[in-house]
Amino acid sequence: MSVQREWFEKDYYAILGVPASATQKDITTAYRQLARRLHPDANPDDDAAEERFKAVSAAYDVIGDPERRKEYDQVRSLGPMSGAGGPGGGYGGSGVRFNASDVGDLLGNLFGRGEDSGYSPGGPFSRGPQRGADLEADLHLAFLDSIQGVTTSVNLVSEVSCPDCSGSGAAPGTTPRVCPDCRGRGVLDDNQGFFSFSRPCTNCGGRGVFIDSPCPTCTGTGVTTRPRMVKVRIPAGVRDGQPIRLKGKGAPGRNNGPSGDLYVRVHVEAHPLFGRDGEHLTVTVPITFAEAALGADIKVPTIEGDAVTIRIPPGTPSGRTLRVRSRGVTGNDGSRGDLLVTVEIKVPTDLSDSEREAIEALQAATAGSPREGLGV
Ligand SMILES: [Zn+2]
Ligand SMILES: [Zn+2]
């Protein structure tokens with residue numbers, strides 16, 4: 001989902017001068033008229049017109065597209081952003097790095113609020129259940145584990161609702177005071193004719209409430225952090241960069257809301273022998289000139305650790321790739337890719353006397369030059 005911060009702040013319907021109930025056709029008509037009138041070509045050196053042209057285009061980008069419009073309407077129906085839910089901290093452990101996702105927090109706050117309108121005058125503390133934030137963690141995996149699958153764990157530090165104040169931020173025995181300016185909403189509306197903006201309430205800093213005696217445990221934020229270890233089952237065949245979603249393993253919800261999700265991004269370490277090409281494994285194997293010229297049966301390693309024998313046909317050039325069926329990566333459907341063996345002719349550098357004699361004899365017996373036809 002491509003929810004953006006501006007969606008909370010901008011009324012795209014007002015910018016295009018149409019009601020929220022307008023049809024797609026009405027929206028397009030309104031956009032075309034405005035775009036024609038405000039187009040920079042028609043208004044050279046008019047900065048105000050250019051700004052409005054940009055605003056109109058941005059609005060049409062969203063509500064001109066029925067799918068995005070639906071998302072936008074949903075976002076707007078949930079009300080202004082809350083100030084709750086900060087990012088988590090970093091924590092080093094088992095080679096795992098962790099960053100809380102900013103967008104995850106945003107979505108976590110947003111979609112955790114489905115049970116109320118978001119405009120209730122009681123402010124953040126009259127809310128229904130809130131979904132916890134989505135979190136991200138990085139996991140570094142050995143190549144073999146990525147191919148075979150593994151159960152491991154990630155360590156992370158994530159926020160939890162402060163146990164001492166139950167997340168209110170107010171010292172035990174006290175309650176937060178609702179901001180009179182914004183009546184707890186945290187935002188004020190500015191209507192400037194054609195445009196309508198919401199801006200954070202300056203009186204309360206967007207929190208909607210004042211806390212006269214902050215909770216000492218969380219210094220009034222209502223949130224504290226704690227290290228956690230989360231078990232992760234990595235499926236066989238996971239790819240480098242692939243995100244694994246662990247439902248409900250993100251930050252805990254507030255007021256009995258559901259937890260967010262944890263997205264584990266997998267980083268696969270390189271293997272000294274094997275590489276990966278989609279569902280196939282790759283390996284490069286040295287062969288001698290004699291094996292390439294005369295043909296040979298050679299042993300090649302597999303990811304399982306056993307060796308398989310493959311036939312090098314006579315006259316095989318360096319760089320040719322041969323295929324061992326079904327010794328690659330096992331896919332989700334149980335099918336298995338191949339092992340792609342690339343042969344590379346190894347040129348000897350330290351010749352014994354008898355090797356030198358043999359190669360000189362070969363050269364003497366070789367008719368013509370391989371560079372004939374190059375015109376040199
Ligand atoms: Zn607290
Ligand atoms: Zn306020």
Side-chain angles (χ1 to χ4, degrees), residues 5-11 14 75-91 98 100 102 104-106 108-110 112-113 115-135 156-192 195-228 249-260:
R5 240 166 238 278
E6 291 91 70
W7 291 11
F8 295 98
E9 293 155 9
K10 296 198 176 153
D11 184 344
V75 166
R76 297 286 293 185
S77 75
L78 296 174
M81 262 183 77
S82 82
Y91 181 73
F98 163 71
D102 193 30
D105 278 351
L106 176 62
N109 288 333
L110 178 60
R113 305 191 52 195
E115 304 220 347
D116 74 34
S117 70
Y119 284 93
S120 55
F125 301 98
S126 66
R127 277 193 209 124
Q130 266 187 286
R131 186 178 179 276
D134 288 338
L135 302 176
L156 53 89
V157 172
S158 74
E159 59 180 35
V160 293
S161 185
C162 174
D164 291 348
C165 62
S166 306
S168 76
T174 70
T175 46
R177 197 154 48 79
V178 173
C179 171
D181 281 21
C182 62
R183 300 191 320 280
R185 286 180 54 204
V187 291
L188 297 171
D189 291 331
D190 262 353
N191 289 309
Q192 297 174 357
F195 295 96
S196 166
F197 299 103
S198 286
R199 59 182 168 85
C201 174
T202 45
N203 191 25
C204 63
R207 290 206 62 179
V209 291
F210 293 104
I211 293 168
D212 297 316
S213 338
C215 163
T217 308
C218 60
T219 64
T221 59
V223 177
T224 180
T225 57
R226 201 175 58 187
R228 285 197 294 145
K249 298 292 184 186
R254 312 274 161 79
N255 301 328
N256 299 318
S259 293

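In listed order, ligands and their atoms are each counted from 1. Atom set for the values below is all heavy atoms of this structure, side chains included, hydrogens, waters and symmetry mates excluded.
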Check your understanding: Roughly how far, to the nearest 0.5 Å, is the CZ atom of Arg228 from the CG atom of Leu156?
Key -> 5.0 Å

Check your understanding: To the nearest 0.5 Å, how far apart are CG in Leu188 and OG1 in Thr202?
Key -> 6.5 Å

Practice item. Can you sort out the partners of Asp181 under salt bridge (Lys or Arg N to Asp or Glu O under 4.0 Å), two or more places apart, ordered by chain and number? Key: none

Exercise for review: Please collect all salt bridge (charged side-chain N to carboxylate O under 4.0 Å, His left out) contacts where either partner lies in residues 163-173, sequence neighbours excluded, each pair once.
Suggested key: none

Revision key, fill the gap. Closest heavy-atom pair, Gly169 versus Ile211, reported as atoms and distance to 0.1 Å, is O-CG2, 3.5 Å

Practice item. Find out whether Val209 and Ser168 are in side-chain contact, i.e. whether some heavy atom of one side chain is under 4.5 Å from a heavy atom of the other. Key: no

Check your understanding: Under 4.5 Å between any side-chain heavy atoms of Thr219 and Pro214, yes or no?
Key -> no

Exercise for review: Give every protein N, O or S atom lying under 2.8 Å from the Zn ion (ligand 2), naming each by residue and atom.
Suggested key: Cys179 SG, Cys182 SG, Cys201 SG, Cys204 SG

**Study point:** For the student: nearest non-hydrogen atoms of Ala170 and Cys165, plus distance
**Key:** O-CB, 3.2 Å

Review point. Near the Zn ion (ligand 1), meaning under 2.8 Å, how many protein N/O/S atoms are there?
Key: 4

**Study point:** Rounded distance [0.5 Å steps], CZ in Phe210 versus SG in Cys179
**Key:** 4.5 Å

